[in-house]
Structure formats: C-alpha cells, structure tokens
Amino acid sequence: MARIAAGVHRLGTRLVNWYLVEEGDRLTIVDAGMPRYRGQLDTALAELGRSLSDVEAIVLTHPHPDHVGFAEGVRAEAGVPVLVHEADAEMARTAKAPLGERGLRPYLVKPAFWGLIGHMATQGMRPRKIAEVATFADGEALDVPGRPRVVHAPGHSAGCCAFHLADRGVLLTGDVLCSRNPMTGRDGPQIMPGSFTADVAQAMDSLGRIEGLDAGVLGFGHGDPWTDGPASAVARARELGPS
C-alpha cells in the first residue's frame, strides 16, 4: 500500500491498481482489482487500524474484469453497495464486456502482453458478475467517503469515468488514462490499448473532459502516479496517440 495523497492509498500490483480513500474512520474502495487481490484489502485495513465494517462503498470507474475483481465478494459479505455509471450498469450485472475496437493479434509479439495474460491467469481471469449495483451520472458528487465527483469520459467503455477528489488534489482516472500500457509496456500517460477500448476515437476526445481539472496527482488503473497535473498528462497522451 502506498499513500499518493492525504487519505488516498494505492494498492494492487505492478500491472493493476485499485485505491482506498479515507474520510475520518470511513473508507471508500475505488475499483477492486483482480479477484485474488482480496487479501490486499484485509492487509490494508489492518495497517490502517480499520475493519471491513468501516468500508462504506465500492465505486467503479468501469466494470471490466480487472476492476471488479473482489467487489461482489465484499458486497455479499459486508453489504457494501457497489456504484457504477448508469451506462455500464448492465455490464457490471452480467460481466459481459463488449470487445475492444482492435483485436489481440497486434500485441501477440509483445512480452508485456504475455506478462499480463500470465498475471491474470494467476489472479483470476473469470469475470465476476455483481448481483446488485447502484448507479450514478456525470457530475455527481457521490455521497461516500471522500465525496468523489464523477467525470464521465467514455470511450474505453460507454460509462468509463474518472473520480475527482478536489480537496485532496487527486484525480483517479481509472482507464480514461494509464501511465503504462498493459499490452505493450509503453510508458507515459496514454489511453488504453485498442484491444480493450470500445471506441478509440471517443477515448481520445474524452481526454478534454479531464484536461482542465485541478489535481496535482493522477492515480491510474495501470501504471505509476503522475504528479504534473492533468493538462500535461493529456498533452502527453495526445502526443503518444493510440496503440
């Protein structure tokens, strides 16, 4: 567990991130990694002197398999609500994600691709349905610890979102941006690869939704944090272009 800002903690692995947000003695889980990351939650709660009963909600940037991981297990065990953008609610309930715009073939020669597949195989590749979800819409300040504001930035999925924690100076981008391409290993802020992205052109256009936000730190679904603000991250992503 690594603190990226006051009360905001990054967890996961080198390949996939998820986050804990503290407010007083209450917690919000942002994304839920892979299914077998569940033990990370128990370890983090112990380090923070908290228990599962202190978790108030799980909020999802989008419901792809590497973001819903342990969400259903925690929902069922602790009665914790799972929140997702209304455009992705059906995907969360059914675990049926549409195919990306680009196939897998271009990535088969990339060592990073095989590393990702191996990691997912060991951490649980099977998509997990979420039996009950609540929904939110663009611009809402969610009534959960940290009060993240929803920034709808579709493209990667129809309901893909970032969460702006303005009082912490943090933007949790989910897969609106990554700082390490999980399929190619390319470093630097960029949109996710076309194999995982429903509409690449829309994903590029949606970068304008986060470009002007006031945040000193960006936390990604994949890759290390960025500490030079959204505008520079978006500029770099436009320079790199899609993969």
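In what follows, residues are counted from 1 in the order of the sequence shown.
Between His222 and His67, the two ring planes are perpendicular [angle over 60°; tilted spans 30° to 60°].
With respect to the salt-bridge test (charged N to carboxylate O, under 4.0 angstrom), the residues Arg147 and Glu140 do not qualify. Salt-bridge annotation for Arg209 and Asp138: present, with a side-chain N of the basic residue lying under 4.0 Å from a carboxylate O of the acidic one. Taking a cutoff of 4.0 Å between a charged side-chain nitrogen and a carboxylate oxygen, Arg26 and Glu23 do not qualify as a salt bridge. Note on Arg93 versus Glu72: no salt bridge recorded, every NZ/NE/NH1/NH2 to OD/OE distance being 4.0 Å or above.
In the model, His9 has a side-chain atom that pairs as donor or acceptor with a side-chain atom of Glu22 under 3.5 Å.
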> What's the verdict on ring pair (Phe, Tyr, Trp, His ring centres under 6.0 Å) for Tyr19 and Phe220, showing C-alpha distance, side-chain angles and the deciding distance?
Replying inline: CA-CA 9 Å; Tyr19 296 86; Phe220 306 103; 9.1 Å; no
>> Run the ring pair (Phe, Tyr, Trp, His ring centres under 6.0 Å) test on His85 and His62 for me, step by step, so that the C-alpha distance in whole Å, both residues' side-chain angles and the decisive distance to 0.1 Å come before the verdict.
In response: CA-CA 7 Å; His85 188 274; His62 65 294; over 10 Å; no
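Each of Leu41, Ile58, Val30 was scored for a side-chain contact (heavy atoms from CB on, under 4.5 Å) with Trp18, with one residue passing: Leu41.
Residue Ala95 comes nearest to Lys129 through the heavy atom pair CB-CG, 3.7 Å, listed as atom of the first residue, atom of the second, then distance. Residues Ala215 and His164 approach most closely at CB-NE2, 4.3 Å, considering heavy atoms. Of all heavy-atom pairs between Ala44 and Met1, the closest is CB-SD, 3.7 Å. Taking both residues in full, the closest heavy atoms of Ala233 and Leu218 are given as CB-CD2, 3.8 Å, listed atom of the first, atom of the second, then distance. Nearest heavy-atom pair across Glu101 and Val200 is OE1-N, 3.1 Å. Across His64 and Ala97, no two heavy atoms sit closer than the pair CD2-CB, 4.0 Å.
Residue Asp214 qualifies as open at atom CG: its count of foreign heavy atoms under 6.0 Å is 12 or below.
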